[in-house]
Amino acid sequence: MDDDKLKYMASTVAQNADIAEKLDKVLAGPNDRAYVMCSYTDCKLSSKGRCTIFTILDVPRMKTGQPCDRYESAVKMG
């Protein structure tokens with residue numbers, strides 16, 4: 001994937017006033033986070049894509065030097 005195109009898609013989503021307003025309402029706490037996951041298909045004349053915004057409310061602070069025992073992986077390997 002071309003990083004520049006992916007960055008362009010993510011920034012285009014972030015510039016949408018409706019999305020920005022909704023995120024302002026949802027992300028009210030100091031530890032609230034949003035992550036944008038985008039994918040795209042590169043055609044000859046244009047690029048098309050889809051972005052999903054995930055919000056996580058009240059993310060616990062990580063303590064330096066300690067394992068992340070409070071987190072569980074969503075993907076099980078093995």
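Residue numbers count from 1 along this sequence.
Rounded to the nearest 0.5 angstrom, L27 CG and I56 CD1 are separated by 10.5 Å. To the nearest 0.5 Å, atoms CG (L23) and OG1 (T55) are separated by 7.5 Å. Separating the CD1 atom in I19 from the SG atom in C51 is a distance of 8.5 Å, to the nearest 0.5 Å.
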Under the side-chain contact (heavy atoms from CB on, under 4.5 Å) rule, what do N31 and L57 come out as? Steps first, then yes or no, please. CA-CA 7 Å; N31 294 328; L57 305 181; over 6 Å; no

